[in-house]
**Q** 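The structure that follows is given in the form of structure tokens.
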Amino acid sequence: MPLGQRTAGDKSESRYCGVETDFNEDMPRLLDFNFSAGFDFLLTPLMNPTYRPSLVATGSEAAVLPFAGSDLVLSPAQWSSHVVGKISSWIDLDSEDEVLRQDSETVLRQEIAWASHLSLQACLLPSPRGTSCGNYARCVNQILQGLNNMQLWLRVPLEKSDDDAMDGNSDQAIGGYTDTWQWWNSFRLLCEHHSQLSIALDVMSSLPSGNSLGRWFGEPVRAAIIHTNAFLTNARGYPCLSKRHQKLIAGFFNHSIQIVVSGNEVHNTSMGTLECSNHTNENSDDTSRHPLRSYLDYVGYLYQRMDPLPEQERFELGYRDFLQSPLQPLMDNLEAQTYETFEKDTVKYSQYQRAVCKALMDRVPDEKASSITTVLMVVGAGRGPLVRASLQAAEETGRKLKVYAVEKNPNAVVTLHSLVKLEGWENVVTIVSCDMRSWNAPEKADILVSELLGSFGDNELSPECLDGAQRFLKEDGISIPSSYTSYIQPVTASKLYNDVKSHKDLLHFETAYVVKLHSVAKLSPSQPVFTFTHPDHSTKKSNQRYTKLRFEIPRDTGSAMVHGFAGYFDATLYKDVHLGIEPSTATPNMFSWFAIFFPLRTPVCLQPGSPLEVHFWRCCGSTKVWYEWCVTSPYPSPIHNCNGRSYWVGL
């Protein structure tokens with residue numbers, strides 16, 4: 001029974017809560033007992049934990065594998081939807097005991113084969129015993145090569161426990177504690193970032209730092225196993241979680257990570273269940289007897305009290321972590337659907353209207369408002385939203401306006417003519433069907449308005465376009481926007497990296513993608529990259545740029561994997577009116593731009609306190625503009641996209 005529903009049509013995987021159980025040969029009864037109590041799936045051993053292949057006599061008729069019942073005891077749908085297989089926890093594939101190692105490898109393969117036969121969606125692998133897990137990872141990697149669609153969840157403890165790092169082992173330690181992220185990272189690297197290898201986090205009573213926790217949201221975490229001893233006791237004797245645990249669980253919910261309750265009952269709640277849960281069934285004696293029911297109720301309570309997703313986020317759900325190629329606005333004409341999406345962004349156009357209002361009032365004093373007509377040119381007018389915003393600004397300020405709407409897309413020009421006729425703007429708006437870079441304007445403009453910005457500011461060639469249009473702006477004219485700056489920050493983005501890697505070529509690793517970032521960990525605050533100012537009256541202007549940046553990852557983050565860089569922009573439209581998506585200053589409720597993602601061909605593993613040095617170039621040729629990027633510290637990467645061989649924007 002799902003935990004609840006945050007919004008209409010809520011389909012998040014995190015609605016479903018599981019329970020970890022011991023081995024039980026009576027699978028139908030085990031499933032019924034837990035299902036009737038409200039749990040949605042079982043995390044349960046598939047094989048009797050006492051079984052050891054080496055103890056079975058060769059050729060013995062008793063060599064039938066001791067699985068928990070045949071495949072017929074549950075329907076295929078029940079196996080697939082309500083059971084996650086738990087691989088025997090005793091296995092140790094890196095043991096120095098050869099018999100144990102061989103038994104472990106045999107059992108691992110037998111259990112995965114049985115789980116595949118049952119069409120399970122996932123199996124839980126035991127936690128590695130440190131970073132020295134070469135043989136374990138080798139066997140799992142071999143299995144992954146021939147696996148169907150089943151996921152393998154590697155169990156990783158989230159708690160930083162006392163370790164033996166002082167003995168000189170290879171585990172990375174922070175302040176005398178093992179960083180278990182290193183266990184995962186070693187295993188993941190040995191398995192070549194396989195997309196079917198993911199994580200189940202063990203959540204204990206103590207938690208590492210917030211920065212350390214944040215790393216995991218960029219990793220492929222599928223489940224969080226919360227142990228009953230992680231729960232506190234409230235005034236009424238019921239289980240509850242600390243504020244830090246509650247915040248972490250909310251993060252899991254927002255990232256479609258499923259909760260699994262594990263352990264024995266440590267709270268005496270036999271008198272009833274939580275009143276706040278919709279799971280309570282007063283007419284059922286069976287559910288009230290489940291020892292972990294009160295923990296499930298509390299998890300359900302946390303899910304139901306989460307704020308509903310705002311309308312904008314519901315709109316963007318389908319775009320989360322979905323890689324899109326950036327627009328080529330000069331080479332390609334936009335389609336009607338693209339225009340329509342952008343035109344719905346009322347926040348963006350209200351900011352433009354504010355900027356035009358301020359520019360008009362600065363340009364024309366109140367006493368001359370009725371006698372002076374301001375010439376305003378919208379370059380890249382599209383289907384007219386900036387024309388409308390400019391005319392509304394003129395009406396709001398009481399200024400007279402003459403508008404030129406310059407648009408190269410002949411299809412959009414058809415719509416512009418219809419709009420002008422419909423609104424009765426014929427005496428105010430002149431439509432010019434032409435590329436702004438080649439248009440010979442009949443007069444010069446007081447104000448030049450454009451919306452040529454891309455996710456990285458200049459990546460849709462705003463500098464080149466506005467340089468071409470600047471010749472018909474008066475010497476003291478105003479450009480809206482007046483400046484814009486691009487930003488980058490290093491991110492852990494396992495899903496994005498695997499999506500790029502799936503293409504198995506160089507081209508996709510040297511392409512920048514527009515993406516609604518969601519399952520990413522932002523490892524350091526963003527830093528400015530390139531800035532462009534308009535109008536640019538310098539005599540030796542060039543749109544080529546180069547910058548070197550140095551990022552410091554907080555020490556309490558621990559080690560982290562950099563899969564690439566998230567890019568943003570911030571623009572000054574006019575004076576104090578700004579527009580942007582840079583996280584610290586982002587314009588609220590605006591959806592015209594998602595971030596841009598620059599991948600790294602080989603992810604960079606950062607150790608605590610180790611700086612990350614990054615180089616970015618903006619290069620200009622006669623027919624194209626492109627970016628190149630690389631890392632030089634902690635160790636050098638190849639220079640990506642040399643000469644724009646893979647990704648470029650056509651002039």
Side-chain angles (χ1 to χ4, degrees), residues 18-27 30-31 34 41-58 60 62-71 73-74 79 82-130 132-144 146-148 150-157 180 183-184 187 190-191 196-202 222-223 225 227 260-264:
V19 59
E20 184 173 14
T21 73
D22 293 329
F23 177 77
N24 192 316
E25 291 183 336
D26 192 348
M27 284 295 295
L30 182 68
L31 182 61
N34 288 282
F41 63 94
L42 305 179
L43 180 56
T44 188
L46 299 176
M47 183 178 278
N48 192 314
T50 63
Y51 168 69
R52 301 292 185 275
S54 60
L55 300 180
V56 178
T58 305
S60 169
V64 177
L65 297 177
F67 291 122
S70 83
D71 52 353
V73 299
L74 297 178
W79 281 116
H82 302 302
V83 177
V84 173
K86 181 181 171 185
I87 304 302
S88 295
S89 57
W90 58 264
I91 67 171
D92 184 359
L93 284 87
D94 291 284
S95 173
E96 294 182 4
D97 183 330
E98 187 171 354
V99 174
L100 174 57
R101 179 173 56 78
Q102 290 178 347
D103 276 357
S104 298
E105 185 169 339
T106 299
V107 167
L108 174 65
R109 295 183 187 279
Q110 288 172 338
E111 294 188 32
I112 294 291
W114 180 244
S116 294
H117 174 70
L118 298 174
S119 299
L120 301 191
Q121 292 189 32
C123 273
L124 179 72
L125 300 172
S127 177
R129 299 169 192 262
S132 182
C133 54
N135 191 52
Y136 187 10
R138 179 191 71 89
C139 292
V140 170
N141 198 33
Q142 285 183 343
I143 291 167
L144 285 165
L147 203 59
N148 54 18
M150 186 168 67
Q151 288 278 326
L152 298 184
W153 298 352
L154 184 69
R155 192 167 195 156
V156 181
T180 53
W183 301 2
W184 155 249
F187 205 97
L190 289 164
C191 293
Q196 287 170 258
L197 180 66
S198 46
I199 306 166
L201 290 174
D202 262 324
R222 295 287 180 267
I225 304 169
H227 293 255
V260 178
V261 178
S262 175
N264 298 317

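Start at 1 with the first residue, then count along the sequence.
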**Q** Is the number of heavy atoms from other residues, nucleotides or ligands under 6.0 Å of Gln102 CD greater than 12?
**A** yes

**Q** Measure the CG-CZ distance between Leu43 and Arg155 for me, rounded to the nearest 0.5 Å.
**A** 6.5 Å

**Q** Are side-chain heavy atoms of Met150 and Leu152 found at a separation under 4.5 Å?
**A** yes

**Q** Looking only at non-hydrogen atoms, find the nearest pair between Leu154 and Pro126 and report the distance.
**A** CD1-O, 3.6 Å

**Q** For Thr44, which residues count as a side chain to side chain donor-acceptor pair (under 3.5 Å) partner, sequence neighbours excluded?
**A** Thr21

**Q** Could you pull out the closest heavy-atom pair between Leu108 and Ile87, with the gap in Å?
**A** CD1-CG2, 3.8 Å

**Q** Counting distance only, does the side-chain N/O of Tyr136 pair as donor-acceptor with the main-chain N or O of Ile91 below 3.5 Å?
**A** no

**Q** Kindly write out the residues that satisfy side-chain contact (heavy atoms from CB on, under 4.5 Å) with Asp97, not counting sequence neighbours, or none if the list is empty.
**A** Ser95, Val99, Leu100

**Q** Where is the tightest heavy-atom contact between Glu20 and Ile225, given as atom of each residue plus distance?
**A** OE1-CG2, 3.7 Å

**Q** Is there a side chain to side chain contact (heavy atoms under 4.5 Å, CB included) between Cys123 and Ile112? Walk through the geometry before answering.
**A** CA-CA 8 Å; Cys123 273; Ile112 294 291; 4.2 Å; yes

**Q** With side chains defined as the heavy atoms from C-beta onward, is the minimum distance between Asp202 and Val156 less than 4.5 Å?
**A** no

**Q** Roughly how far, to the nearest 0.5 Å, is the CD1 atom of Ile143 from the CG atom of Leu125?
**A** 8.0 Å

**Q** Does any non-hydrogen side-chain atom of Trp90 lie less than 4.5 Å from one of Ser104?
**A** yes

**Q** Should the ring pair Phe41 and Trp153 be called parallel, tilted or perpendicular, given that the plane angle runs from 0 to 90° and is split at 30 and 60?
**A** perpendicular

**Q** Using only heavy-atom distances, determine whether the side chains of Asn135 and Arg138 contain a donor-acceptor pair under 3.5 Å.
**A** yes

**Q** When rounded to the nearest 0.5 angstrom, what distance separates CD1 in Ile199 from CG in Leu124?
**A** 12.0 Å

**Q** On a heavy-atom basis, which atom in Cys191 and which in Val140 lie closest, and how many Å separate them?
**A** SG-CG1, 4.4 Å

**Q** When rounded to the nearest 0.5 angstrom, what distance separates CG in Asp92 from CZ in Arg129?
**A** 4.0 Å

**Q** Stepwise, does the side chain to side chain contact (heavy atoms under 4.5 Å, CB included) test hold for Trp184 with Leu197?
**A** CA-CA 10 Å; Trp184 155 249; Leu197 180 66; 3.9 Å; yes

**Q** Nearest heavy-atom pair of Leu147 and Ser116: which atoms, and what distance?
**A** CD1-OG, 3.7 Å

**Q** Go through the side-chain N and O atoms of Glu111 and Ser88 and say whether any donor and acceptor fall under 3.5 Å apart.
**A** yes

**Q** With a 4.5 Å heavy-atom cut-off, do Met27 and Val83 have their side chains touching?
**A** yes

**Q** Kindly say whether Ser54 contributes a backbone atom to a donor-acceptor pair with the side chain of Asp103 at under 3.5 angstrom?
**A** yes

**Q** Atom CG in Leu120, atom CG in Asn148: separation rounded to 0.5 Å?
**A** 9.5 Å

**Q** Give, for atom CG of Leu30 and atom CZ of Phe23, the distance between the pair rounded to the nearest 0.5 Å.
**A** 10.5 Å

**Q** Considering all heavy atoms of both residues, which atom of Leu118 and which atom of Asp71 are nearest to each other, and what is their separation?
**A** CD2-CB, 3.4 Å

**Q** Could you check if a side-chain atom of Cys133 sits within less than 4.5 angstrom of a side-chain atom of Leu190, using non-hydrogen atoms only?
**A** yes

